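Everything numeric in this text was worked out from a predicted model, so none of it was measured.
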Amino acid sequence: MSIRKKVKNPLGKRLLRELLHDFGKYTVVFTFIFATIAMVSGFLVSDISLKTTYDESFEKYTVEDGHFTLLFPAADDFFVPMERLYKVKVYENFYADRESDNGSTVRMYKMRSDVNRADLLEGEFPSGISDIAIDRLYAENNDISVGDSIVIEGRHFNVCGFVALTDYSALFKNNTDMMFDAKRFTVALVTDNDFDAIPYSDLQYCYSWVNNDRTLSQNQCKAKAEDIMDWLADRAILTDFLKRSDNQAINFTGTDMGSDKGMIIALLYVVMGVMAFIFAVTTSNTIEQEAAVIGTLRASGYTRGELLRHYIALPIVVSMIAAVLGNILGYTVLKEYFAKLYLHSYSLTRYRTVWSSEAFWLTTAAPLAILLAVNLIVISRKLRLSPLQFLRRELTQRTKKRVMHLTHKLSFLTRFRLRVIFQNIPSYITLFVGILFANVLLLFGIMMSPLLEQFRTDVLDSKIASYQYILKAPVSTSDAKAEKYCLSELIDKPSGEEIMIYGISSSSKYFSNITDLSVPSKDGVLISEGYMEKYGIEPGDKVELKEKYSGKTYSFQVKDVIHYPAALAVFMSDELFRDSFGKEEDYFTGYLSDRRLTDIKDEYIASCITEHDLVVIADQLDDSMGLVFPIMGGFAILLYMLMIYMLSKLILEKNAQSISMTKILGYSGREIGRLYITSTAWVVIISLFVTLPIAAVFMRWIYGQFMLEMHGWLTFFVAPSTYAKMLIIGIVSYFVIGSLQYLKIRHIPMEKALKNNE
């Protein structure tokens, strides 16, 4: 046994000294890892808890397997054969849409006891005359409290409680809507007596069914739903049919929570990858500075493995402590914050915290594994050199190349700065990648609000008419400026998404509001720009559409694309519409008008699309995600500043001896800063300009994937001012970091140049 092994390993004593020596570096990295893991663990715990509660609600509250609406109410024994044949139970689930005094739509239901049961979150269920229980999220968005009075169709109702209806976890008024509207639409429960007072003509004869066998797979449920639809289509007039798998009001919440989890985990791993490279680069710099010491230790019998474990110990220990403390903060404080973000978007039942080992492994074990793997690869490669090479400070296994020639036409300062850049290429590459990643996050944080505002402006500027009336039955109006039109909904055959089909008069004065093109007669159709962008359709292609219930298919030749951002739509002449769908010559669906039509009775109006309905997707996204955008932007700025601080600090440390020598030669701190800090400034500014278009390309792809999961389409848009803001933020951030580096230059002593051990 060697003498060295009889003595306690002295390398362990250096760890505390190294920590104190680089306390600033480790503090910054610790804080960033701590904050990142705290944020991600808090998000995951809340996400897993809410998702578990959401999944359990299907059985706990007996959520329907589907529903359908008939034109007329069914007889008492009408569904008995269907129930026996398909082994289901059908429940009456009638409702009526009523308008409140603040312009909201209130969808009223009777108290439910068998299917789609409600969870009472505050107050009481309705029990007396004019009692009403409304959705919690709608009440929150409209500052309504239990005990307040709201006016619906001229009648005062007492808000007795807040509820969450399990078939409306996302408040979609119509399943075809691009986005739910939790501010102007709510579901509500009233007593049987109050519901029976609603006029017969205002009721929607909706029925929900529940499969007797609750263990059926999703494919089996879909097949059964299609059989039920065929059975009903042969025996009744269907006005709506929706199986649970297609119901946005039920499924949108679960889909969104699932996708958020993947995105946030990916964000964590990318950040940890960046942190790992920072640790690896800074540790490599330490190895270069201590090359002679390492050579001596290797010559004394220390193995590569012992040195590797020593240099990797401090980053791992610091990261592990940050991860554990971050999880504690995430599990206790931040989980409530992120739960509130979800509850501000969705109408969820009361949740319980689920302590998931998955969240711990995802936020602790996996990030530390990334950190360990990157550092093992980088540091072990650095330690492959022989003891003699370390002693001679020959820190590369490659044959040293001839120094790059720089023309003397360049000034001395310029050549010096270029030398600094060339000597620190690995650090600057890491800096470039970090700035790129930070710019992607920053772009997301800054671009969304202008994008939503641009969408609002585009929709309102390109609206067909201020009022689009959809009628239950053809009725006339005395308003001579109102224009008849046809409207239907078909399914895009390849994607399954619902497409609005407009039949417009060839002489329409309203259609000219959105395009200079005339509606093609019988030789083609126009499609909206969003339809073209989302599915890559070009003029000359054919769109394949089908009816929702019968499955009958239609094919139309696309003549041109028009700017109509409000919906995915196909525009054709009313003549082609009637011919294609077998309608009579005088058939129409509703009226286009720039003013409210007062001579059509409400019982004949199925719906009226106004400006608010057109921009609801932007309003809801802004309301539900408005808090997320600044968080992402702030996170990006912190990451950006950390990258610049760590790597510019590393570059100064690598050149500390040269800086000391220049001080001896009489250069001031400001002059030295112009040499070293300005070099990094060049790289930062160039990186900012180069990464902006790359970040835009990345974000366009990410945004496209995000929108493919949603109904409808919002055209990708980055305001020109966004790029200017990003540049300003980047430059100002570097100015702050550069000021700190000036202070570091001032503290480098002149005697360091005299301690040259070579």
Side-chain angles (χ1 to χ4, degrees), residues 54-96 107 109-118 165-169 172 174-176 187 192 195 200 203-252 254-255 472 488-491 493 496-498 545-554 581-582:
Y54 166 82
D55 292 337
E56 291 175 348
S57 70
F58 287 85
E59 294 304 319
K60 183 177 180 180
Y61 298 96
T62 318
V63 177
E64 66 183 38
D65 287 293
H67 69 255
F68 52 87
T69 306
L70 304 181
L71 185 61
F72 303 105
D76 291 341
D77 59 350
F78 178 78
F79 297 114
V80 173
M82 187 184 86
E83 290 178 328
R84 291 174 179 170
L85 179 61
Y86 298 112
K87 295 180 174 56
V88 298
K89 181 64 177 175
V90 179
Y91 298 93
E92 183 181 293
N93 199 19
F94 295 174
Y95 68 86
R107 181 162 293 173
Y109 288 92
K110 290 181 181 180
M111 284 294 300
R112 300 163 162 187
S113 58
D114 297 314
V115 67
N116 299 331
R117 294 192 301 276
L165 269 61
T166 46
D167 56 331
Y168 282 96
S169 59
F172 280 93
N174 303 301
N175 199 59
T176 55
V187 286
D192 289 0
F195 190 84
Y200 177 84
L203 295 179
Q204 296 293 321
Y205 303 112
C206 180
Y207 297 87
S208 298
W209 84 83
V210 176
N211 295 327
N212 295 340
D213 184 357
R214 303 295 284 173
T215 64
L216 294 178
S217 67
Q218 189 174 40
N219 288 336
Q220 289 173 320
C221 288
K222 288 181 179 179
K224 179 175 287 193
E226 291 171 0
D227 292 339
I228 290 172
M229 184 176 67
D230 293 338
W231 190 92
L232 289 168
D234 292 338
R235 294 166 176 81
I237 302 176
L238 278 172
T239 59
D240 186 35
F241 185 93
L242 198 61
K243 50 183 178 284
R244 188 170 77 184
S245 59
D246 293 335
N247 192 333
Q248 288 209 89
I250 294 176
N251 296 319
F252 186 90
T255 302
K472 295 179 181 178
S488 182
E489 294 176 5
L490 295 179
I491 305 296
K493 195 173 179 182
E497 183 158 8
E498 295 183 352
L545 306 170
K546 67 176 182 178
E547 290 185 355
K548 186 174 183 179
Y549 304 125
S550 69
K552 186 178 180 180
T553 60
Y554 303 89
F581 303 117

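- Minimum heavy-atom separation, Tyr61 to Ala118: CE2-O, 4.1 Å.
- In this structure, OH on Tyr554 lies 10.0 Å from CG on Leu545, to the nearest 0.5 angstrom.
- For the pair Gln218/Ser245, a side-chain contact is recorded, criterion being any heavy-atom separation below 4.5 Å from C-beta on.
- A 4.5 Å side-chain heavy-atom check between Thr166 and Lys60 finds every atom pair outside the cut-off.
- Of the possible donor and acceptor atoms, none in the side chain of Asp240 sits under 3.5 Å from a partner among the backbone N and O of Thr69.
- Here the shortest heavy-atom pairing between Asp192 and Met111 reads OD1-N, 4.3 Å.
- Rounding to the nearest 0.5 angstrom, the gap separating the CZ atom in Phe172 from the CG atom in Asn251 is 10.0 Å.
- Annotation: side chain of Glu547 is in contact with side chain of Leu490 (closest heavy-atom distance under 4.5 Å).
- Lys89 places a side-chain heavy atom less than 4.5 Å from the side chain of Asn212.
- Residues Asn211 and Arg214 come closest through the heavy atom pair O-CD, 3.3 Å.
- Under a 3.5 Å cut-off, the side chain of Asn116 and the backbone N or O of Glu64 do form a donor-acceptor pair.
- From Ile228, atom CD1 reaches atom CE of Met82 across 5.0 Å, with rounding to the nearest 0.5 Å.
- Residues Gln248 and Asn175 bring no donor and acceptor atom of their side chains to less than 3.5 Å of each other.
- Between Arg244 and Asp167 no salt bridge is recorded (no basic side-chain N to carboxylate O distance below 4.0 Å).
- A salt bridge is absent between Lys224 and Asp213: the closest approach of a Lys/Arg side-chain nitrogen to an acidic carboxylate oxygen does not fall below 4.0 angstrom.
- Under the 6.0 Å cut-off for aromatic ring centres, Tyr168 and Phe252 do not qualify, their centroids lying 6.0 Å or more apart.
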Discussion item. Determine whether Lys110 and Glu92 satisfy the following criterion, side-chain contact (heavy atoms from CB on, under 4.5 Å), listing intermediate values before the conclusion.
Written reply: CA-CA 10 Å; Lys110 290 181 181 180; Glu92 183 181 293; 4.2 Å; yes

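- Arg117 and Thr62 are linked by a side-chain donor-acceptor pair at a separation below 3.5 angstrom, with hydrogens and angles left out of the test.
- In this structure, CG in Asp234 is found 10.5 Å from CE in Met229, a value given to the nearest 0.5 Å.
- Between Phe94 and Tyr207, the ring planes are perpendicular. Angles over 60° get that label, and only those under 30° would be called parallel.
- Remark: the backbone N or O of Ala249 is paired with a side-chain donor or acceptor of Ser169 at under 3.5 angstrom.
- Contact of the Tyr200 side chain with the Pro73 side chain is registered, since non-hydrogen atoms from C-beta on lie closer than 4.5 Å.
- Put simply, the side chain of Asp246 does not reach to within 4.5 Å of the side chain of Phe241, judged on heavy atoms.
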Worksheet item: side-chain contact (heavy atoms from CB on, under 4.5 Å) between Phe58 and Ile250: does it pass, once the steps are laid out?
Response: CA-CA 10 Å; Phe58 287 85; Ile250 294 176; 3.6 Å; yes

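- Taking all atoms of both residues into account, the shortest heavy-atom contact from Lys243 to Trp209 is CA-CH2, 4.3 Å.
- The only option from Tyr91, Trp231, Phe79 that meets the ring pair (Phe, Tyr, Trp, His ring centres under 6.0 Å) definition with Phe68 turns out to be Phe79.
- Put simply, the side chain of Val90 does not reach to within 4.5 Å of the side chain of Phe78, judged on heavy atoms.
- Minimum heavy-atom separation, Phe195 to Ala96: CE1-N, 4.3 Å.
- Put simply, the side chain of Asn93 does not reach to within 4.5 Å of the side chain of His67, judged on heavy atoms.
- The CG atom of Leu70 sits 6.0 Å away from atom CG of Leu238, with the distance rounded to the nearest 0.5 Å.
- Dense packing is recorded around CG of Leu71, with more than 12 heavy atoms of other residues, nucleotides or ligands lying under 6.0 Å away.
- The CG atom of Asn174 lies 11.0 Å from the CG atom of Leu242; values are rounded to the nearest 0.5 Å.
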